[in-house]
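What follows is one structure encoded as structure tokens, with my remarks underneath.
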Amino acid sequence: MAVCTVYTIPTTTHLGSFNQNKQVFFYNNKSFNYNKRSSSNNILTSSRPYVITCSAGDSQTVVIGLAADSGCGKSTFMRRLTSVFGGAAEPPKGGNPDSNTLISDTTTVICLDDFHSLDRTGRKEKGVTALDPRANDFDLMYEQVKALKEGKPVDKPIYNHVSGLLDPPELIQPPKILVIEGLHPMYDARVRELLDFSIYLDISNEVKFAWKIQRDMKERGHSLESIKASIEARKPDFDAYIDPQKQYADVVIEVLPTQLIPDDDEGKVLRVKMIQKEGVKYFNPVYLFDEGSTISWIPCGRKLTCSYPGIKFSYGPDTFYDNEVTVVEMDGQFDRLDELIYVESHLSNLSTKFYGEVTQQMLKHQEFPGSNNGTGFFQTIIGLKIRDLFEQIVANRAAAPAAAAKA
């Protein structure tokens, strides 16, 4: 719905000077006749010339940023997030089959690899990785994210992960929620300012290596040797350009090896932290038992089935890059997702719409990676928090014109 201000001006006054009667009204892409009254359609009636200025109102796109290195679970998180809003996320119909874009009824997910300025051969010739800012077009990224946020369609480029080439662009219409995911959503200050909320997936080197091997060997046909070489080649650029972005994130999901198994070298059991920045508009951090306290909790084994080495939760305040944060941590994994409601009932500020919604979402996608540990659990919670944030933003934008009209 657009929100417009109408200035009615006397017939003897030029358009260059008008401080006259002002009305605020709403319309839904309907034409109106200013010489004929029709109150049922909120049609403007006036016998004098007028000037109209309009803003996007509650139709302005909400922009979410998700940063992580390659192979760190961004795709799984996107599937969990879009599921919260309902409807399956699919590539644009009738478009490039190698498109990276996912579209649902509410969300559009854009992969920032599409803003590579160099294809795979070009990066090799120049001796740079995809993580290097010189291999990416941040000006175009900013212009197109800004346009989509303002409700304008864009012709977005496509980076083809199969061929390594830059394919012809695809038309992207502004959605209700735009998610930009990839290596650099918080690198450029201009793009960072466009984000309404930001998440960073922080995977330890040990866990990242295991995940990347599994994905690149199975899905992309890479050899173990090439994966190891790629990781080593990317590490300096990751440390320089990707990792520092987590200081700007509103939430960091940090994945670490377990502390429940001494000298664990298998990496199958994970310790996961949900680091939530305090003072973020429209976002209230999740807490365990008592807000502001420091808690260590081993759930009752009769109420939550856990194989060796068990499961442990922690909660408390902390600082992260000089920011005050709230941290919820889960170490270990659970065996039965239906019992997760026992843990859910001890967490507050979940932004659920009904009792057990987190557990329901986890059961819905129990085949997703991380569904038996804190990665899937915290990703699901953040998805629900983003839904709540979106609804608050929309309600606030809808209320603002009415408040201005009363003033």
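Counting from 1, the numbers follow the sequence of the chain as shown.
With sequence neighbours left out, Asp388 forms a side chain to side chain contact (heavy atoms under 4.5 Å, CB included) with Ser351, Gln392. In this structure, the side chain to side chain contact (heavy atoms under 4.5 Å, CB included) partners of Pro169, at least two apart in sequence or on a different chain, are Asp155. Under the ring pair (Phe, Tyr, Trp, His ring centres under 6.0 Å) criterion, Tyr355 pairs with no residue, sequence neighbours left out. Qualifying ring pair (Phe, Tyr, Trp, His ring centres under 6.0 Å) partners for Tyr159, counting only residues two or more places apart in sequence or in other chains: His116, His161. Residues satisfying the ring pair (Phe, Tyr, Trp, His ring centres under 6.0 Å) test with Tyr142, not counting sequence neighbours, are none. Applying the salt bridge (Lys or Arg N to Asp or Glu O under 4.0 Å) rule to Asp202 yields the partners Lys246; only residues at least two apart in sequence or on another chain are considered. Here Lys277 pairs with nothing under the side-chain hydrogen bond (donor to acceptor under 3.5 Å, both in side chains) rule; sequence neighbours left out. Under the rule for a salt bridge (Lys or Arg N to Asp or Glu O under 4.0 Å), the partners of Lys152 that lie at least two apart in sequence or sit in another chain are Glu150. Applying the ring pair (Phe, Tyr, Trp, His ring centres under 6.0 Å) rule to Tyr321 yields no partners; only residues at least two apart in sequence or on another chain are considered. Evaluation of the side chain to side chain contact (heavy atoms under 4.5 Å, CB included) rule for Asp239 yields Lys235 as partners, not counting sequence neighbours.
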When you look at Phe289 and Tyr315, which way does the ring pair (Phe, Tyr, Trp, His ring centres under 6.0 Å) test go after all the steps? CA-CA 9 Å; Phe289 289 115; Tyr315 160 75; 9.0 Å; no
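Taking the side chain as every heavy atom from C-beta outward, Leu112 and Tyr187 never approach each other to under 4.5 Å.
Between the side chains of Thr375 and Arg80, no donor N or O sits under 3.5 Å from an acceptor N or O. Under the 3.5 Å distance criterion, with hydrogens and angles disregarded, no donor-acceptor pair is assigned to the side chains of Thr107 and Lys176. A donor and an acceptor atom, one from each side chain of Ser99 and Glu170, are located under 3.5 Å apart. Between the side chains of Ser348 and Glu291, not a single donor N or O lies within less than 3.5 Å of an accepting N or O.
Evaluation of the salt bridge (charged side-chain N to carboxylate O under 4.0 Å, His left out) test over residues 332-348, restricted to residues two or more places apart or in two chains, returns Arg336-Asp338, Arg336-Glu339. The list of salt bridge (charged side-chain N to carboxylate O under 4.0 Å, His left out) pairs with a residue in residues 373-387, not counting sequence neighbours, reads Glu357-Arg387.
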